[in-house]
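Just below is one structure, and these are the notes that go with it.
Excluded from the calculations below are hydrogen atoms, water molecules and symmetry mates; all remaining heavy atoms, backbone and side chain alike, are included.
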Amino acid sequence: MFDFDQYLGFLAFLGILTLGFWLMIFLVTFIIPYWVGGALIERLKEIKEEKKAKRLNS
C-alpha cells in the first residue's frame, strides 16, 4: 500500500495535524480567555482610576 517514504510522510502529517489540533484546543480554552480577561480587568482598573482622578480634580 505505502512505500516506506510515503509511510514516514503520512506519520509526519498525522503528527503535525495532531499537534496543531491540541495547540488550537489549548489556545481556545486557556490562552485566549486569559488574555481577554486580563485586558478587561486592566481596562476596568483604568476606568476606575479615571473616575477617581476626575472626582478629585472637580
> Residues in side-chain contact (heavy atoms from CB on, under 4.5 Å) with Glu50, at least two apart?
Replying inline: Arg43

Under 3.5 Å donor-acceptor pairs involving side-chain atoms of residues 11-32, not counting sequence neighbours:
unit_1 : atom_1 : unit_2 : atom_2 : d
Thr18  : OG1    : Leu14  : O      : 2.7
Thr29  : OG1    : Ile25  : O      : 2.7

> Ile47: which other cluster members, linking ILVMFWY side chains closer than 4.5 Å, directly or transitively?
Replying inline: none

>> Going by the rule ring pair (Phe, Tyr, Trp, His ring centres under 6.0 Å), which residues pair with Tyr7 if we only count those two or more places apart in sequence or in a different chain?
In response: none

> Tyr34: what forms a ring pair (Phe, Tyr, Trp, His ring centres under 6.0 Å) with it, not counting sequence neighbours?
Replying inline: none

>> Restricting to side-chain contact (heavy atoms from CB on, under 4.5 Å), what partner residues turn up for Lys45, sequence neighbours left out?
In response: Ile41, Glu42

> Residues in side-chain contact (heavy atoms from CB on, under 4.5 Å) with Lys52, at least two apart?
Replying inline: Arg55, Leu56

